[in-house]
Amino acid sequence: TSTIAELRRYNSNGSIDSSFSTVSYNNSVNDIDIQSDEKIIVVGTFTTVSGATQNRVVRLNTNGTKDTTFNLGTGPNYHVYKVIVGPSDEILIGGGFGQYNGAPNWGIKMLNPNGTENAFFNPGHGLPGSVYSLMYQADGKILVGGNITGYNGYTVGGLVRLLGGGFFNLSGQNKFDIENNGCDATDIPFPNLKFNFNDGTSSYDFFSNTSGSYSLLLNTGNYTVTPIVPNANFSVSPTSMTASFPSQYTSLIQNYCLTS
């Protein structure tokens, strides 16, 4: 396999750092970021590193050698253009991929610090197109930019903000109680229900997706979520919920039942 790209480290005076080992990539390196232990996350369009299969994401030790403890799996099936390391060393990647480890996953993926998939990060249908830019805000929310037209069933115009977090998951589904006997498996989903979200310092609205489901990735804190019924002909149970992470929960499923 021919070498297309290399990663080099330079000393502060601009000279090449000869102590940094150079590994070869069979295609381009697009971005890098560094974890708190100074290990280096490298992403790109490459599929081999120093001749061995390594699909588009690799971690290097501080001396530049490949970190063989990084557990990526088969990884993304197409190019990765951006990587950022989060406050707890979680790894967020963005690109043009449509699968990750063989499962559908469009455009964005969060990994644990060791490279395994972060089960709490759930972008649903994801971001069809290509993600070129990622940024954490101070409040933990994530800005995503690129050649994207949708997110999880909603139309967006190239820029979307995600709630972020990645530590604690609050999720559920809304159903319409057709028989007025309590929501169960036979009842139909209630799509696009509006919610108000309050974390004690800020308040904003969000919507469930077209299948009636929602999923929030939250940092440590106290949260109140209130469903907003479309008109006075509907009622919802529960009318509101509060949760404290992690003192009460680390993961919580809260479903909502609508009647008319």
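What you see is a predicted model; the values in this text were computed from it and never measured.
Below 30°, between 30° and 60°, or above 60°: for Phe190 and Phe176 the angle between ring planes is between 30° and 60°, a tilted geometry. Taking the six-membered ring for Trp and thresholds of 30 and 60 degrees, Phe197 and Phe206 have ring planes more than 60 degrees apart, a perpendicular arrangement. Below 30°, between 30° and 60°, or above 60°: for Tyr81 and His79 the angle between ring planes is above 60°, a perpendicular geometry.
The minimum heavy-atom distance linking Leu193 with Pro230 is given by the pair CD1-CD, 4.4 Å. Across every non-hydrogen atom of Pro227 and Pro238, the tightest pair is CG-O, 3.7 Å.
Judged purely by atom type and a 3.5 angstrom limit, Asp67 has no side-chain atom pairing as donor or acceptor with the backbone of Leu60. Distance alone, capped at 3.5 Å, is enough to place a donor-acceptor pair between the Asn30 side chain and the Val80 backbone. Side-chain atoms of Arg9 do not come within 3.5 Å of backbone N or O of Phe20 as any donor-acceptor pair. Thr45 places a side-chain N or O within donor-acceptor distance of the main-chain N or O of Ser28, the cut-off being under 3.5 Å. Looking only at distances, no side-chain donor or acceptor of Asp89 sits under 3.5 Å from a matching main-chain atom of Pro113. Panel note: side chain Asn71, backbone Gly115; no donor-acceptor pair is recorded below 3.5 Å. Counting only distance, with no hydrogens or angles, the side chain of Asp31 and the backbone of Val83 share a donor-acceptor pair below 3.5 Å. When atom types are taken as modelled, the side chain of Lys175 and the backbone of Asp184 share a donor-acceptor pair closer than 3.5 angstrom. Checked by atom type and distance alone, the side chain of Asp37 pairs as donor or acceptor with a backbone atom of Lys39 at under 3.5 Å. With hydrogens and angles ignored, the 3.5 Å screen pairs no side-chain donor or acceptor of Asn61 with any backbone N or O of Gly64.
Placement of Ile91 and Val57 within a single hydrophobic cluster is found when ILVMFWY residues are connected by side-chain heavy-atom separations under 4.5 Å, directly or transitively. Ile32 and Tyr10 fall into different hydrophobic clusters, where Ile, Leu, Val, Met, Phe, Trp and Tyr side chains are chained together by heavy-atom contacts under 4.5 Å. Residues Val49 and Val29 fall within the same hydrophobic cluster, defined by Ile, Leu, Val, Met, Phe, Trp and Tyr side chains chained together at heavy-atom separations under 4.5 Å. Under the 4.5 Å side-chain heavy-atom criterion for grouping Ile, Leu, Val, Met, Phe, Trp and Tyr, Met110 is not connected to Met135 through any hydrophobic cluster. The cluster map of Ile, Leu, Val, Met, Phe, Trp and Tyr, joined by side-chain heavy atoms under 4.5 Å apart, puts Leu134 and Tyr132 in different clusters.
Under the 3.5 Å distance criterion, with hydrogens and angles disregarded, a donor-acceptor pair is assigned to the side chains of Ser203 and Asn196.
Rounded to the nearest 0.5 angstrom, Tyr151 OH and Leu159 CG are separated by 13.5 Å. With values rounded to the nearest 0.5 angstrom, Lys141 atom NZ is found 4.0 Å from Tyr204 atom OH. Distance check: Leu162 CG to Gln137 CD gives 10.0 Å after rounding to the nearest 0.5 Å. Note that CG of Asp177 is 10.5 Å distant from CD1 of Ile188, once rounded to the nearest 0.5 Å. Rounding to the nearest 0.5 Å places CG of Asp205 at 10.5 Å from CG of Asn198. To the nearest 0.5 angstrom, Phe195 atom CZ is 13.5 Å from Thr224 atom OG1.
Looking at Leu7 and Val23, their side chains never come closer than 4.5 Å, going by heavy atoms from C-beta outward. For the pair Met241/Leu170, a side-chain contact is recorded, criterion being any heavy-atom separation below 4.5 Å from C-beta on. Using a 4.5 Å heavy-atom threshold, the side chains of Thr210 and Asn192 count as touching.
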Which atom pairs, donor and acceptor, lie under 3.5 Å between side-chain atoms of residues 253-260 and protein residues at least two apart or in another chain?
unit_1	atom_1	unit_2	atom_2	d
Asn255	OD1	Gln173	N	2.9
Thr259	OG1	Ser235	OG	2.7

Derivation and outcome, side-chain hydrogen bond (donor to acceptor under 3.5 Å, both in side chains), residues Asn101 and Glu117
CA-CA 9 Å; Asn101 280 348; Glu117 297 182 63; 3.0 Å; yes
Could you give me the CA-CA distance, side-chain angles and deciding distance for Val58 and Tyr25, then say whether side-chain contact (heavy atoms from CB on, under 4.5 Å) is met?
CA-CA 10 Å; Val58 67; Tyr25 305 83; 4.0 Å; yes
Stepwise side-chain hydrogen bond (donor to acceptor under 3.5 Å, both in side chains) test for Thr47 and Asn55:
CA-CA 4 Å; Thr47 55; Asn55 287 323; 5.0 Å; no
Please test Leu252 against Phe245 for side-chain contact (heavy atoms from CB on, under 4.5 Å), starting from the C-alpha separation and ending with a verdict.
CA-CA 9 Å; Leu252 174 64; Phe245 296 95; 4.3 Å; yes
List the steps, then state whether side-chain hydrogen bond (donor to acceptor under 3.5 Å, both in side chains) holds for Ser240 with Thr226.
CA-CA 4 Å; Ser240 184; Thr226 304; 3.0 Å; yes
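A 6.0 Å sphere centred on CZ of Phe234 holds more than 12 heavy atoms belonging to other residues, nucleotides or ligands.
Under the side chain to side chain contact (heavy atoms under 4.5 Å, CB included) test applied with Leu111, the options Leu92, Thr116, Ile41, Leu72 reduce to a single match, Leu72. Here the rule is side chain to side chain contact (heavy atoms under 4.5 Å, CB included) with Tyr100, and of Ile108, Asn105, Thr74 only Asn105 fits it.
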